[in-house]
Every structure is written in C-alpha cells, then in structure tokens.
Amino acid sequence: MPTKTFKYTSYIVSIIEKLAGSNFSVTGLENLPKNSPTMFVANHFTRSETFFVPYLIHKYTGRQIRSLASSYLFSGFFGRFLKRIGGISTKDPDRNKIIISDLINNDHDWLIYPEGGMVKNKNITKDGFYISQIDNRTGPVRTGSAVLAIKSQLYRKDIIDAYKSSNAELLKFFNDNYDSRYSEKLENHTTFVVPITISYYPIRPGKNLLESFTRKRMGIAGNISEELEIEGNLLSGARINLHFNKAINLADYIGVKRGLVYQIPIIKNETKSNIITRYYKNSLTTDFMSTIYKNIRINFDHIFSASIRFLSHKEEAISIDHLKRVIFLSTHMIKKIERYRVGDILCDRNMVKLFNDERNPIFDGILDLAKDQGEITALDNNLIKINQDKLFNEADFHTARINNTLEVIFNEFKLLNHAMNIVKNISKTSDDHLKLKIQKILIHKDEEIYKKDYKKYYDKKLSKPVGYGVPFLGSPSFLTKKNDKFSILLCHGYKSCPKEMQSLSRFLNDRGFYTYCVRMAGHGTNPTNIKDITWQDWDDSFQRGYSALKNITDNVIVIGFSTGGLVSLLNASKKGKNLSAVIAINPAIRLRDIRSNLVSTIDKWNNLLGRFKIKTGSFEYVDSNPEDPKMNYSRNYLKGVVELKKLMDKCDKSLENVTAPTLLIQGSQDPVVNPQGADLIYYKIKSKDKFLSEPDFDNHVIINGKRKEEVFKIILNFLKKKNFL
C-alpha cells in the first residue's frame, strides 16, 4: 500500500470531515500495542466506516492499515481507489495469504468486521455464540478474523522453530505460500487483536445534503438511498466515537495449548496449527466481540428507548415527567456502578435539565422521533401513550434505521444486561418514590460539591464557618398546613452564602411552603474559590435546586437576592410561563461603584502580564468591607467580578423574554446596587403581572437585619395576590 496514496486519502477525508462538520473522537489509545502486528476487529453499522475508521487510526496512531471490503465496491474508479489504499475484496482468492503474510512480517496492520457485513438493525443476540442478523443471513459472528490472527502467530513461531532446527522444507513452504522468511525481527513480534467499538449519537433519519446531492446527480434509490439518508446525517453532525479496547496478546492467549499440542510426535505442523486454530477461534471471537459490545458508549437515546419498552406494560397513559424520572434515575444508577462507558451527553448538567422547565433538545429530539415513527402518541395534559404494537413489531432489515430507529438503538443497548436490568427495575417504581429518590440525589449532589470545595479551598483565616455554605431544604413544621402546589427556590447574593437566605426561608416555611436555598458555585467557602468559577456554574447550581423542587411540587416560584436576583430573572426568561413567579430583591443589574466597569480591562491586563510571566503591575483581588462580614467574603477576586459583569449583560439582554408574574423589590438608597436598575428591569420585562416596590432602605442586604420583616411582608402580599397561598 503506497504511503503517499494513503496520506493523500487521509488528507481528502480530513477535508470532508471539516466541511461536513463530522464530530469524531478517539479513546483508548493507551490500549494499543507498540510496533506489533495488529488485527483490528470492529462492529459494523455504516458503509462509511470502510473509509473513516482507517483514516482515524492513521490520524491518531500513524498506523497505515489495510482492510477487507465488500466485493461489489471493487468496480470502476471507486474500486481502483480502494485497491490503491490497500483494500482487498472479500472475494479475493489470495486474501487470507495476504493478511497472514502482512501480520507475520509486521508489514501492515489489518481491519476486519467480524459480523460479516453491516448490521443495520443492530440485532445481535447471544446463544453461546454471538448471532448477527444481516440481510438474508442470520448466524454466528464469523470467526475468520480470529483464524487469520491465530495463524499468523502460529506460523511466525513455526518459521522461527524451522530456522533453529534447519527445517529447509518448512521454511520453503512459508516463503512460497506466505512470502515470509526468517529474520531476527520475527523474534520480537507477537500478533495482537485489538477490538474497536464504534458508537454513534444521535442516530437520526432524514434528508441531508449528501443524500440530496447524490439523488439529483446519480438518481439513487433503494438501499443506497437509505444508507445515504442515515450516514449523511451521522457524518454531518453525530458524535462518532472510536474506542480501542484492551489488546489481546495471542502469544499469551494460545501459548500453553500450543506448547502441549506441538509436543505430539508424527503430526505435521500444519495439522497442529489447525488443531489449535479450531480450538481457539470461537472463544477468541466471542471474547473480542463481547468486549466490543459491552464497551458501546451509552447515550441518552439508549436509556430513552429502554425506558419506553419497559414502561409499555402499563396500559394507562403515563406522564412525560414520569418518563423523565425513569430516565434520570436509570442514568444515575448506571453511572454509579461504573461498569460501562457512558457518553458525555449523560453528564449531570444535561440530566438536571430534564426537570428545569426549559426546551430540552436532547429529550425533545428523541421524543419527537418516537412520535413520528409511531412508538408514542401524545395526549393532553402532558401525557403519552406507548404503542406496543409498533414498539415490538420487528423491522425490515434495510429500512430499520429509517422507520424503526428506536428499535435499532434498543437492540444495541440490550446486550448490556446489567444496565438493562437497572432500567427494567426502575420502570416498575412508583412515581412518588421516584420523586423522593431524585430529590435526595440532587440535594446530595449539591452537598457533595460544597464539601469538596470547602476541603479543597480551606484556609484557616479566610474560610467561613462550615455550616454557612451548605445548601438547604426548608420544610413546613408538622403544625403548619403544607402547600402542596407551590415550592420556592431561594438564591443568595455575590460573595455571600445560603445562610443569608435562612430567615426568609423560615418565614416562608411557616406559611406552608417548601423552600430550597442553592449555594451558588464558589460561595460559602474561601474567596479564592470564586476565581475558578464562571457565571454558567452559578446557573448550574440554580438548575439543580430548581430540579430538586420540581420533584416535590409541580410549580416553582424563584426568589433571588442581588446577584441571585439576576440568576432568577435569567432563568425566568428561559422558562417562560412554566415558571410560576419570580421575585428579585435588589437585583444587581447596575452597580453604583464605577470602578466595576474597569474590571474587564484590568483582567485582560493581568492576562497579558501573565503570558510574559511578569508579576509587577498585576493583581487578582481587592480587599473590601462587606455589610455582613460573617457571611460575605472580605476579598473580591477580579475574575469573579468579570463573571458577574457577564451575568449582568446576559440578564440585561434576556429581560424582554420574562413573561412570568414578577415582583421587584429595590431599596431606594441601596449603597451597592444602583436603584435605577430596577426601573430598567421593570420596563424591559414583558410580564403582564409585574410589580415594583421601592421601600426606603439605606443598606443593601435588606433580607436580614431589624427591618427584614418589612421586606417579607411585601413578598407575602405578592404571594397572596397571586393566590399562591
């Protein structure tokens, strides 16, 4: 295989990768053997794998591999192209000798798809051996790649032994049949088998540029049209992961048995190698295919497809929220056991968003697909009906990826037995139990983040008392009539901590509300914690708290103080009418101190000096005298102020999207926040129910202190007016 041709091909594919927006990733590079002949074996789902898998292996490892390809691809220009980059037809009469020769001599690595072809429906079962369903063939996964790899290892050892025993006849046999002769380098070679797991997310049917272009220019139809429809979408936007699993050392794998068999007298070497090959080919194939399948990267669609199947036994309609809870808890438990590879799409940030009352492309995308393909019927009041007839109707092999996409996704997931059982068991759990469990998980996550940060940033002089930064759930007393319809999320101010909201929380608990006070990331520990935080981290803290409350009541009210008011308003702009109400107290949309406008410039100056390793003239923080030194940091990091400024700008631009009932409370003589900012907010928001109260306060932290009850009364009157009590 000419090196220049391969590099040229890689260059072309890299251009296509950029133009199409392909999202490739490669993991497990540490598992690859170095400078050893390697047989790569992989699962096979798309035609394009014939090209991009060799390209990715070369891109990340420098290896130039050869591969087998379907015989019908070897015609015309395309066939000549495949041959030039080292491809060999599956019907080439010399293919086995070529592969074995390459591996014996370490001339080239090889890539083979043992399933025997594209498994479009991903319908793999296991009954002792793995069984694949490919077009008109249903049978065991092919053992050819295992046979070739084993023989290369055996024949290499035979050549070495023949040389040492001066067996000229045997040396001539390998030279004539496998173009292999003894050299010292053979002594250092061992054949390895490296299983490759190829994972895709998301798999979506639909027209795309590649399919449309090819249809117009070439008049394609049938199976080719289906392949382009799926693969065009995968190559132009899906996350495609190539994972190298742990390499199998064949010298270790077959070593003991070879030693025993080769001690048998009279029998020819070829017969001995055939005995060993027959003995190991099935077990080796099963071992590496098992590795391939169990290391599929689990994604959101896997959990979704399994959830609706296990929920389909319920004859009555189920709520979308119940489905989300099954998905959330299943994902949490699968990640917790740490047995499987889990995709980044299932990160905590994304899973929390299942309950945040905002548009969710991850969930909505697969739900819409299920509706379009008939697995789910949407009903009124956020209910869905799962259609068993469609769900369990086995799809046609060639149209499965287009018409039964969720079945294809489920087929891939069903081989992960423990993960499947987790989803199955959770789908049997009552909704009330799911709510309680998820709420505990989210609150525990908040507490763990705080404990970790407190330990990491602890400073004897600067750290706050350990209890001040703990996010907390406030509940009505057993003597108080509980409000089961509405709960309230509380969000503290910049440089402060959850304890700042404690008095307001108790006031609301006494009126029957459940409350949860978030701890905005970076707060309640040590001021240096803030310099490692972004405003998006503050928003993440808010989202976890909001989602925790959504698993207590169906309706959430948010109350934020100062910077917490900005986070609350920003979220009100995203949640729209799904949010019951937003209350912002002294929202920090504009600050009085003009020096805050210079922070971004100062930060850039510090970054410039840092690049040149110049310390003179740079500074990270300023000391300040907070209104409540017990709760507030006395050191203000410029990085934190930069993030605050970004949040102010983001909130300002989003105010026109606030439509929920809104109460603004702004102290008329606030020394920190410019009171005119409240007027700006009032006139920008589009809520039809909006109120601005401007009590005569000359301090900033008006939710604490002697006059706090006046502020609480304003809040209470608003809640009563909106019939939240």
Side-chain angles (χ1 to χ4, degrees), residues 300 304 318-329 331 347-368 378-384 431 434-436 438-439 441-443 445-446 471 473 483-491 513-518 520 536 538-560 564-584 650-651 654-663 685-690 719 722-724:
F300 189 90
F304 181 99
I318 64 170
S319 72
I320 289 179
D321 288 337
H322 181 68
L323 172 59
K324 288 180 176 179
R325 291 186 183 103
V326 171
I327 292 170
F328 179 95
L329 190 55
T331 301
C347 66
D348 290 344
R349 173 181 286 183
N350 287 338
M351 298 311 297
V352 164
K353 290 179 180 178
L354 283 173
F355 310 108
N356 72 354
D357 283 334
E358 297 174 20
R359 184 179 176 276
N360 190 326
I362 297 171
F363 178 82
D364 295 345
I366 188 67
L367 179 66
D368 289 343
L379 305 175
D380 294 334
N381 300 318
N382 205 38
L383 296 176
I384 57 173
D431 201 47
L434 288 175
K435 288 179 180 180
L436 183 62
I438 292 170
Q439 179 212 45
I441 290 171
L442 292 171
I443 292 175
K445 179 67 175 180
D446 265 356
L473 178 69
N483 189 328
D484 295 325
K485 292 183 178 180
F486 299 93
S487 57
I488 299 177
L489 183 68
L490 304 172
C491 192
F513 290 102
Y514 285 93
T515 59
Y516 185 69
C517 183
V518 303
M520 287 203 299
Q536 288 93 340
W538 299 337
D539 189 63
D540 286 346
S541 302
F542 185 97
Q543 300 290 0
R544 277 194 302 276
Y546 188 92
S547 295
L549 287 184
K550 282 293 291 186
N551 283 280
I552 296 177
T553 59
D554 292 332
N555 305 289
V556 177
I557 301 161
V558 298
I559 302 178
L566 296 187
V567 178
S568 299
L569 287 166
L570 177 61
N571 274 274
S573 74
K574 296 185 289 183
K575 302 181 194 305
K577 294 182 179 179
N578 291 320
L579 183 67
S580 296
V582 56
I583 301 173
K650 183 73 174 178
C651 182
S654 65
L655 288 173
E656 62 181 19
N657 296 319
V658 176
T659 57
T662 304
L663 170 63
I685 63 176
K686 292 297 187 289
S687 174
K688 294 180 180 179
D689 293 325
K690 55 183 179 180
L719 296 176
K722 299 306 302 176
N723 295 317
F724 295 145

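The model shown is predicted, which means the values in this text are computed figures rather than measured ones. These numbers come from the heavy atoms of this one structure, side chains and all, not from hydrogens, waters or symmetry mates.
Note that CD1 of Ile557 is 11.0 Å distant from CG of Leu663, once rounded to the nearest 0.5 Å. Here the CG-CZ distance, from Leu719 to Phe513, works out to 5.0 Å after rounding to the nearest 0.5 Å. To the nearest 0.5 angstrom, Leu579 atom CG is 10.0 Å from Glu358 atom CD. If you take NZ on Lys575 and CG on Asn657, they are separated by 13.5 Å, rounding to the nearest 0.5 Å. The CG atom of Asn350 sits 11.5 Å away from the CZ atom of Phe328 when rounded to the nearest 0.5 Å. Interatomic distance, CH2 of Trp538 versus CG of Leu570, reported as 12.0 Å (0.5 Å rounding).
Contact record, Ser580 with Pro661: O-CD, 3.3 Å, taken as the closest heavy-atom pair. In this structure, Val558 and Ser568 approach most closely via the heavy-atom pair CG2-CB, 4.0 Å. Between Leu329 and Leu434, the shortest heavy-atom distance links the atoms CD2-CD2, 3.5 Å. In plain terms, the two heavy atoms of Phe304 and Leu367 that are nearest each other are CZ-CA, 3.9 Å. The two residues Ile384 and Ala378 come nearest to each other via the heavy atoms CG2-CA, 4.4 Å. Taking both residues in full, the closest heavy atoms of Ala548 and Leu442 are given as N-CD1, 3.5 Å, listed atom of the first, atom of the second, then distance.
A salt bridge is defined here as a Lys NZ or Arg NE, NH1 or NH2 lying under 4.0 Å from an Asp or Glu carboxylate O, and Asp540 with Arg349 meets this definition. With respect to Asp539 and Lys650, no salt bridge is recorded, no charged nitrogen being found less than 4.0 Å from a carboxylate O.
Counting non-hydrogen atoms of neighbouring residues, nucleotides and ligands closer than 6.0 angstrom, the NZ atom of Lys574 exceeds 12 such neighbours. The number of heavy-atom neighbours closer than 6.0 Å to NZ of Lys686, taken from other residues, nucleotides and ligands shown, is above 12.
Residues Leu354 and Met351 have side chains in contact (heavy-atom distance under 4.5 Å, counting atoms from C-beta outward). Between Val556 and Phe355 there is no side-chain heavy-atom pair separated by less than 4.5 Å. Using a 4.5 Å cut-off on side-chain heavy atoms (C-beta onward), Ile488 and Phe724 make no contact.
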Side chain to side chain contact (heavy atoms under 4.5 Å, CB included) for Ile552 and Tyr516? Distances and angles first, verdict last. CA-CA 11 Å; Ile552 296 177; Tyr516 185 69; over 6 Å; no
Evaluate the side chain to side chain donor-acceptor pair (under 3.5 Å) criterion for residues Gln543 and Asn571: first the C-alpha distance (whole Å), next the side-chain angles of each, then the deciding distance (0.1 Å), finally the verdict. CA-CA 9 Å; Gln543 300 290 0; Asn571 274 274; 2.8 Å; yes
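No side-chain donor-acceptor contact under 3.5 Å links Asn551 to the backbone of Ile438. Checked by atom type and distance alone, the side chain of Ser541 never pairs as donor or acceptor with a backbone atom of Val518 at under 3.5 Å. Panel note: side chain Asp364, backbone Arg359; no donor-acceptor pair is recorded below 3.5 Å. Ser547 places no side-chain N or O within 3.5 Å of a backbone atom of Arg544 that could act as its donor or acceptor partner.
Partner Lys550 forms a side-chain hydrogen bond (donor to acceptor under 3.5 Å, both in side chains) with one of Asp321, Asn356, Asp357, Asn555 and no other, that one being Asp357.
Remark: Lys722 is not positioned above the aromatic ring of Phe486, lacking an NZ or CZ atom under 6.0 angstrom from the ring centre and at most 45 degrees off the axis.
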